[in-house]
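First the proteins, then the strands, lettered A, B, ... as listed; each starts at 1.
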Number of protein chains: 2
Amino acid sequence: MHSFTEENYLKTIYHLSQLNDSPVQTNAIAEGMKTRAASVTDMLKKLSDKQLIDYIKYQGVTLTDKGKTTAVSVIRKHRLWEVFLVEKLKFKWDEVHEIAEELEHINSGLLVERLDEFLGFPKRDPHGDPIPDHNGIFEPDQNIHLHEMSRGDKGVIIGVNEYTSAFLKHLERLGLTIGILIEIEEIADYDGSVELLVDGKKINVSKEVTQRILVNYK
Amino acid sequence: MHSFTEENYLKTIYHLSQLNDSPVQTNAIAEGMKTRAASVTDMLKKLSDKQLIDYIKYQGVTLTDKGKTTAVSVIRKHRLWEVFLVEKLKFKWDEVHEIAEELEHINSGLLVERLDEFLGFPKRDPHGDPIPDHNGIFEPDQNIHLHEMSRGDKGVIIGVNEYTSAFLKHLERLGLTIGILIEIEEIADYDGSVELLVDGKKINVSKEVTQRILVNYK
DNA sequence: TTGAATATTTAGATAAATCTAAAAATTTTC
DNA sequence: GAAAATTTTTAGATTTATCTAAATATTCAA
Ligand SMILES: [Mn+2]
Ligand SMILES: [Mn+2]
Ligand SMILES: [Mn+2]
Ligand SMILES: [Mn+2]
C-alpha cells in the first residue's frame, strides 16, 4: 500500500507529465507539492525503489505503468467524490476540491466501484474534468483553452484548470460556468483580455482567466 | 488540528472510559490501539500537553471536555459513514467498519452535517450503535448484554459490540441480526451458553457470542 | 508489611517525511 | 568552450510515531 504522500507525489507527477512529453523535473514537482527540491529528491528515490517511477539522476522522472495506474486511480476517486459532494450533498463547485483531496486516499476498491454506480457512472466531475473509468480509461478530450480561440469562434465551456474557491466564485459572478455557450467578440492586443458574448451580454475577461478555462468548440 | 493517530487514541480512551468510571489505564489503551505501553505513554504526554486528556503519571487518564468533544465527533462521523455505506452503497453490515475507520478522519464540518441530512438524521448505525447528534448528544440507551439476561426474558437485538466480519457473518448465519426478537429458553451452567428462541426455532449460542450482543428488553 | 507480581515510565533506537545549507551536475550565455 | 546561472543532489538535522529493554512505581497477597 502507498502512503498519502506517495499518492500525492504520483498524482502531481501525472498532472505535470500531461503538460508535455518530456520527463518531469524535480523543481516542478517541488512547486506542485509545495515542498523543497531536496525533499522531492528523497521521495523520488523511494518511488523509484518501489518501481512507481523511472528516475535518472538529474534527468527527471516518468511514471511506470504501475505508477500511472496508481495515479489514475487516485484521480478517479478524487473526481467521483467531487461528483458525490455536488450532486448528492449539494455542495457548490468551489467547495469540493479540498475535501476530495482527503477522500481520494480512502482505500477500498469496492467503495469506489459502488460509489461510481451510485452516481450513475458520471463521465465528468463538477469542473468538467473527465473521470477515468474502472479500467483507467478517460473520455477522449477535444478541448481548447479559451485563450487559444480566435475572434468569432464559438464553443461551450467544458472545464477549468484551477480549482480554488476564489477563482471558481469569480467565474460564477461572470456567468462563466460549465455548459455555458460563449462567443469570442474581440481580443485585446494590449493585455490579451477577451470580450465574450455570453447569454446575449458582452463581458470582458482577463487573460489570467481565459488561460484557465477549457472550451469544447466545433 | 489533530492527527489520525491522536483521534484514534481519543476514540479508544472514550470507549474504554464508557466501561466503568475509573480512569483509563495505559495497558488498556495499548491493547485497544494494538501498540505497546511505552508508545501509549509517549502519546499520553502529547495529548496531555494539548489539554485533550487529564493525565497523572501511573494513575491513568480521563478525557477533558475538549478531548471528549473530539472523540464524540470522530464517533459521529464513523457511524454516519457506516449508515451511508449500508443504506446508499448497499454494503453489508460486516463490510463497513474498516472503511469507516478511514472515513471518520475526513476533516470537514460541513461535510458531516450535509451527510447527516442526506441520510435523514439517522439515530443508529448498522450495528445498532447510537449516533451522536450535531451537539454530541446520544440517544439514551437502555440496553443490556444478552449474557446478562435471565431465563424467560424477551427482547429485541439492538446492537453488537464487536465489528469484525467474522463475528457479524456468524451472527447472520445464526439469524441474530438487528431488530430480531429473541427469548431466553435456557442457560447452561456448564459453559454459559444460551438456548434462544428465534423466529420459532431454538438455537444454541456460546457465551463468546452472547457477551457481544446488546438487547433492548422490557 | 514486605516481597512478588504487575503496570507504567524512561532511555535510547528506528523509520518516514521533512528541512537548510552546501556541494555537484547541467544548462545557458557570451 | 569556458564562466555564470540554474537545477539537482547530498549531508546532516528535525519531527512524529513507533519500538525494545531496563528502571521504577504501584498493587496484590502471604
Ligand atoms: Mn478537484
Ligand atoms: Mn491528496
Ligand atoms: Mn464501526
Ligand atoms: Mn480511525
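Taking the six-membered ring where the residue is Trp, B:His145 and B:His147 present tilted rings, their angle falling between 30° and 60°. Ring pair A:Trp81/B:Phe84 is tilted by interplanar angle, where 30° to 60° counts as tilted.
Counting to the nearest Å, the P atom of C:dT18 and the CD atom of A:Glu6 are 10 Å from each other. Atom CG of B:Asp42 and atom C1' of C:dA13 are 12 Å apart (whole Å). Remark: C1' of D:dT7 and CD1 of A:Ile29 are 13 Å apart, rounded to the nearest angstrom. The CD-P distance, from B:Glu31 to C:dT6, rounds to 16 Å in whole Å. The nearest whole Å value for the distance from the CE atom in A:Met43 to the P atom in C:dA16 is 10 Å. In this structure, A:Ile56 places its CD1 atom 11 Å from P of C:dT26, rounding to the nearest Å. Atom CG of B:Leu47 and atom C1' of D:dT18 are 15 Å apart (whole Å).
Remark: A:Glu6 engages A:Lys50 in a salt bridge, criterion side-chain N to carboxylate O under 4.0 Å.
Within the 4.0 angstrom heavy-atom criterion, no nucleotide atom of any strand lies near B:Phe4.
OP1 or OP2 of C:dT10 lies within a sub-4.0 Å distance of a side-chain N or O belonging to B:Lys57. For A:Arg36, a side-chain nitrogen or oxygen approaches OP1 or OP2 of C:dT20 to under 4.0 Å. Within the 4.0 Å cut-off from OP1 or OP2 of C:dT8, not a single side-chain nitrogen or oxygen of B:Thr41 is found. Distances shown here put every side-chain N or O of A:Thr26 at or beyond 4.0 Å from the OP1 or OP2 atom of D:dT7. Contact annotation: B:Lys45 does not reach the phosphate of C:dT9 (side-chain N/O to OP1 or OP2, under 4.0 Å). Between B:Gln25 and C:dT8 there is a side-chain polar atom (N or O) within less than 4.0 angstrom of OP1 or OP2. Close to D:dT6, at under 4.0 Å from its OP1 or OP2, lies no side-chain N or O of A:Asn27. Contact annotation: B:Tyr58 side-chain N/O to C:dT10 OP1/OP2 distance is not under 4.0 Å. Contact between the side-chain N/O atoms of B:Thr5 and the OP1/OP2 oxygens of D:dT16 is not found at any separation under 4.0 Å.
In terms of the side-chain hydrogen bond (donor to acceptor under 3.5 Å, both in side chains) criterion, residue partners of B:Arg212 (sequence neighbours excluded) are, by chain and number, B:Glu162.
Taking the side chain of B:Ala38 as heavy atoms from C-beta on, and the options C:dA11, C:dT18, D:dT18, the nearest nucleotide is C:dA11.
With A:Lys77 contributing its side chain and A:Ile106 its backbone, the two residues share a donor-acceptor pair below 3.5 Å.
A residue-by-residue look at B:Gly60 and A:Gln59 shows that B:Gly60 has its nearest nucleotide of DNA chain C further toward the 5' end.
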